[in-house]
Structure formats: C-alpha cells, structure tokens
Protein chains: 2
Amino acid sequence: MEQKRTSGRTLAGDAYDAIRQAIGVGTFKPGDRLRFADLQALCNMSVTPVREALARLTAEGFTLLDDHRGYSVAPLSLAELRDVTATRQLCEGEALRLSVLKGDADWEARLIAAHHLMARIPQVRDDLPSAMREDWEARHAAFHAALVSACGSPILLELCEKLFSRADRYRRLSVSLNGGARDVAGEHRRLMELALARDAEGAARALREHYGQTAAALEGFFSV
Amino acid sequence: MEQKRTSGRTLAGDAYDAIRQAIGVGTFKPGDRLRFADLQALCNMSVTPVREALARLTAEGFTLLDDHRGYSVAPLSLAELRDVTATRQLCEGEALRLSVLKGDADWEARLIAAHHLMARIPQVRDDLPSAMREDWEARHAAFHAALVSACGSPILLELCEKLFSRADRYRRLSVSLNGGARDVAGEHRRLMELALARDAEGAARALREHYGQTAAALEGFFSV
DNA sequence: GAGTCAACGATTTTCGAAAATCCGTTCTAT
DNA sequence: ATAGAACGGATTTTCGAAAATCGTTGACTC
C-alpha cells in the first residue's frame with residue numbers, strides 16, 4: 001500500500017504538523033477535547049501515529065493529557081501569557097546576551113540575512129492572505145532564532161525554541177488584535193543593530209522589552 | 001485479561017518509569033541503541049506503550065530518536081554537563097530568587113520539612129544499599145523542588161524539574177566518584193538558611209555555586 | 001425523595017501482526 | 001576491479017481490532 005508523505009519522514013511527524021496547525025488556525029479551540037476519531041479523520045491515518053504526535057505536542061505544552069480521558073487543547077490564559085513572557089525574557093534574554101558576546105562574522109551574516117528576508121514582507125496585518133502570514137511567521141521565527149543562534153548552549157537554544165512556539169498562539173492573537181499600532185519592524189531592526197554593535201546588555205534589554213510590549217498589547221484581550 | 005499496574009495509571013507510564021530507571025542504573029549505557037524487542041521484554045508489554053514512553057523520554061533529553069532507525073540512550077559528555085549546569089544556574093537561580101521574594105509561611109514550612117527529611121538520611125556514599133540511595137535521591141529532589149516552589153511561575157518550575165532530571169545521570173556519577181569529599185549537607189543547610197533569611201540574591205548565588213561545584217567535581221571524569 | 005450500585009456507551013489504551021524502511025551484502029555490468 | 005543495482009534480514013513504524021477504563025444512565029433500596 002502506498003502512503004503519502006506530505007512533509008515529515010514519518011506519519012507521526014506529519015500528524016504533529018497537521019494537529020499543530022489545526023490548533024494554530026483555530027480548528028480546535030483552547031479547552032477543546034481532542035478525540036482520536038476526529039484526529040484520525042483529519043490526518044487520514046491510524047491511531048498510533050496520532051498518539052505519538054499528541055505525546056510530542058503535550059511535551060511542548062500545546063495539549064494536555066488526562067490519563068484514560070484523553071487529550072485536550074491547552075487553554076490560553078492571562079496567567080500563562082505572563083508566565084511565558086517572563087520565562088522567555090529570562091531565557092532568550094540570556095541567550096541573546098551570550099550570542100552577542102560569542103557570535104562571529106558568520107553569525108552576523110546569518111542575522112543580517114534573516115532580517116532582510118523578514119523585512120521584505122510587508123507589515124503583518126489581519127487582512128493579509130493567510131499563506132503570506134504563515135510566511136511572515138516563519139521568517140519572524142527564523143530571525144529570532146538567528147539572534148540567539150550563537151549562544152553556544154544547545155539546551156538553552158532548545159528551550160528558547162520551545163518557548164517561542166508556546167508563545168506562538170498568543171502572538172497570533174496579538175497580530176489580529178493590534179494590527180499596525182506598534183512599530184514591530186522598527187523594534188526588530190533596533191534589535192539587530194544593537195546585536196551587531198555588540199551591545200550585549202542593551203540587546204538583551206531590548207529583547208525583553210520587545211516581549212513585554214507584545215504581552216502588554218494582549219492583556220486587554222483577557223480582561224473582556 | 002488482568003494487567004499489573006506497578007506505579008502509574010497506564011502501562012505507558014510504567015514503561016516510562018522502568019526505562020528511565022534502567023538508564024539510570026546503567027542497564028542501558030549512553031549511546032546504546034534501544035531495541036523495541038529488548039524493551040518489550042523488560043517491561044512485559046506490547047510495542048505501543050513502550051513507544052509512548054520513549055517519546056516522553058526523548059522530549060526530556062534522555063533518549064534520542066533517529067527516524068526509521070529507532071531510539072538510543074543520549075550520550076553523556078563534558079559539553080552537555082557544562083551546558084546543563086549553566087542552564088540550571090540560569091533557570092533555577094532565578095526561580096529561587098523569585099521564590100525567596102514571594103514565598104509565604106507555608107513555603108517556609110515546606111522547605112524546612114523537606115530539608116529535615118533529607119538530612120535524616122546519612123551522607124550519600126557509594127557503598128550504601130541502592131534502595132537507600134534511591135530514597136536519598138528522591139528526598140534531595142524534593143528539597144530542591146521545595147526551594148523553588150514559591151516562584152509563582154509554573155513554566156519555569158517545569159523547566160527546573162526537567163533540567164533537574166536531566167542532570168540526574170551526571171549527579172549519579174558525581175556520587176560514586178566523589179563520595180564524601182564535599183560537604184554537600186552543609187551546602188544544603190546553607191541554602192535553606194539563606195532562603196529563610198530572605199536573602200534572595202545570596203540564596204541564588206549559593207545555588208549557582210552549588211551546581212558549579214557538582215559540575216567541577218565531574219570535569220575530571222571526562223578528561224580520562 | 002435521596003442515595004447506591006450495576007450495566008451500558010463512548011473513548012482511550014493496548015495488543016499482535018502486517019507493512020515500510022534501513023543497512024549490509026551479493027550480484028552484475030562496465 | 002569498481003560502481004551501482006538489487007536482494008535479504010533486522011528493525012521500526014503503522015494498522016485494525018480487542019481490551020480496559022471512565023462517566024452516565026437508570027433501576028433498586030432505604
């Protein structure tokens with residue numbers, strides 16, 4: 001029998017991508033229960049790879065597992081937004097500081113390249129086609145990854161990556177709520193400039209503020 | 001058919017515990033390939049729960065997954081020891097600082113209780129029966145968890161917990177190499193005293209030093 | 001009428017076998 | 001002799017169904 005491989009090298013990998021995206025675009029909403037029957041229908045596969053995908057998603061905080069009662073989409077909350085923000089400020093701030101101290105010319109080149117790719121796409125707004133928005137998200141993630149990529153600590157990097165994805169669901173809210181109010185592009189450019197100028201403390205501070213602003217823009221959403 | 005439940009509420013949970021312990025005590029050594037046939041024999045169950053256990057272990061850094069080539073025990077290295085240590089110093093240091101600032105009387109009581117339970121067991125040494133050593137490990141983990149438990153950040157707490165387990169394999173080496181040379185009990189008591197005296201910065205600094213010493217004691221092991 | 005408990009339905013969890021994949025070896029053609 | 005295709009064994013990955021579990025419904029008792 002022939003299997004179709006969309007992206008990953010195993011069905012479990014494909015299921016991970018599919019479910020993660022379905023959660024991202026709101027097909028499954030925070031708190032929703034995730035029944036295996038539905039997920040199998042979505043992914044066109046048996047229960048085993050779906051189960052493995054959910055195990056990974058749970059490890060990264062996207063879903064919750066209740067023994068013998070199945071998986072559900074992790075809820076969004078103001079408390080978690082603040083928590084994610086604070087932890088990112090700690091981890092990514094330090095990672096950026098180290099990266100600025102240790103980065104070589106190669107790192108500078110990666111950073112400039114990543115920024116350029118991101119800056120070429122117009123400011124994110126609600127009315128953009130979703131494909132373009134996905135594209136911007138990917139480039140945005142690549143830029144932030146480039147910033148910290150020279151920190152020299154694989155474990156810290158992995159933490160940053162996971163926290164970045166965990167903040168992803170909140171970031172999407174931020175975009176649709178707060179279209180063009182902030183000068184996000186300017187913040188990013190400033191981050192790059194501080195990093196290239198080897199101002200480690202300044203860059204770390206700017207990154208923490210950058211995340212603080214994103215969080216602040218969302219506080220209102222939860223008080224409704 | 002009747003299933004035996006040793007600890008967890010699902011077989012996958014039991015498998016997680018069994019494999020984690022087997023790695024801990026050295027049944028499977030760093031770099032070893034983990035074949036499903038062996039693990040099924042070890043755990044007395046089918047492939048499905050074993051696979052789920054490995055997915056969790058991989059998320060926590062105990063094992064590695066190579067698509068279509070299976071799982072293996074993550075290797076130990078000097079580089080990873082330094083990396084884990086630095087990241088723990090960052091995360092747990094901050095968590096402890098916050099905990100000292102925010103902790104209430106309840107937290108103080110938990111901390112004192114956890115310290116007492118740990119201090120009642122004689123200094124860890126190589127020649128202790130392994131059951132007692134496991135017991136000490138558990139109480140040691142509980143003490144460190146109590147230290148940071150009032151930090152108010154569930155995500156940071158989860159990070160600390162995972163980093164603590166990840167350091168566990170190295171800590172075991174430390175115990176068998178460096179039996180009574182350090183005054184570990186003294187370091188722990190001092191940590192508690194600083195925390196109870198509400199010296200947030202001092203406690204955080206002491207914790208970072210505590211981890212630094214553990215790492216230093218192990219450096220030699222890898223240069224052989 | 002309130003409370004207990006057994007049986008049912010929905011769902012998760014696990015099983016055992018089939019399918020797919022990888023790696024090393026052999027075979028073939030140049 | 002060597003590069004490359006192709007077979008075979010070992011192993012992972014996936015499937016489809018069976019078993020176990022949870023929450024609920026509804027009958028029965030006090």
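All chains are named by letter (A, B, ...) in the order of the sequence lines, taking the proteins before the strands, and each is independently numbered beginning at 1.
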- Item | Contacts of A:Val47 that satisfy side chain to side chain contact (heavy atoms under 4.5 Å, CB included) - sequence neighbours left out | A:Phe36, A:Gln40
- Query: Taking the six-membered ring for Trp, are A:Phe222 and A:Tyr170 parallel (under 30°), tilted (30 to 60°) or perpendicular (over 60°)?
  - Reply: tilted
What integer distance in Å separates [X]:[atom1] from [N]:[atom2]?
X       : N      : atom1 : atom2 : result
B:Leu11 : C:dT13 : CG    : P     : 11 Å
A:Gln40 : C:dT11 : CD    : C1'   : 11 Å
A:Leu39 : D:dC15 : CG    : P     : 14 Å
A:Arg9  : C:dT21 : CZ    : C1'   : 9 Å

Are side-chain N/O atoms of [X] and [Y] paired as donor and acceptor at under 3.5 Å?
X        : Y        : answer
A:Gln21  : A:Tyr16  : no
A:Thr214 : A:Arg171 : no
A:Asp83  : B:Ser153 : yes

- Message: Heavy-atom nearest nucleotide on DNA chain D for A:Val47 versus A:Glu52: which residue maps closer to 5'?
- Response: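 Taking each residue's closest nucleotide, the earlier one in sequence belongs to A:Glu52.
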Considering only nitrogen or oxygen atoms on both sides, find all protein atoms under 3.5 Å from nucleotides 7-12 of chain D and state each distance.
| unit_1 | atom_1 | unit_2 | atom_2 | d |
| --- | --- | --- | --- | --- |
| D:dT11 | OP1 | B:Arg35 | NE | 3.0 |
| D:dT11 | O3' | B:Arg33 | NH2 | 3.3 |
| D:dT12 | OP1 | B:Leu34 | O | 3.4 |
| D:dT12 | OP2 | B:Phe36 | N | 3.2 |

- Determine, stepwise, if the pair B:Tyr211 / B:His144 fulfils ring-ring contact (aromatic ring centres under 6.0 Å, His included). CA-CA 12 Å; B:Tyr211 290 151; B:His144 276 276; 5.7 Å; yes
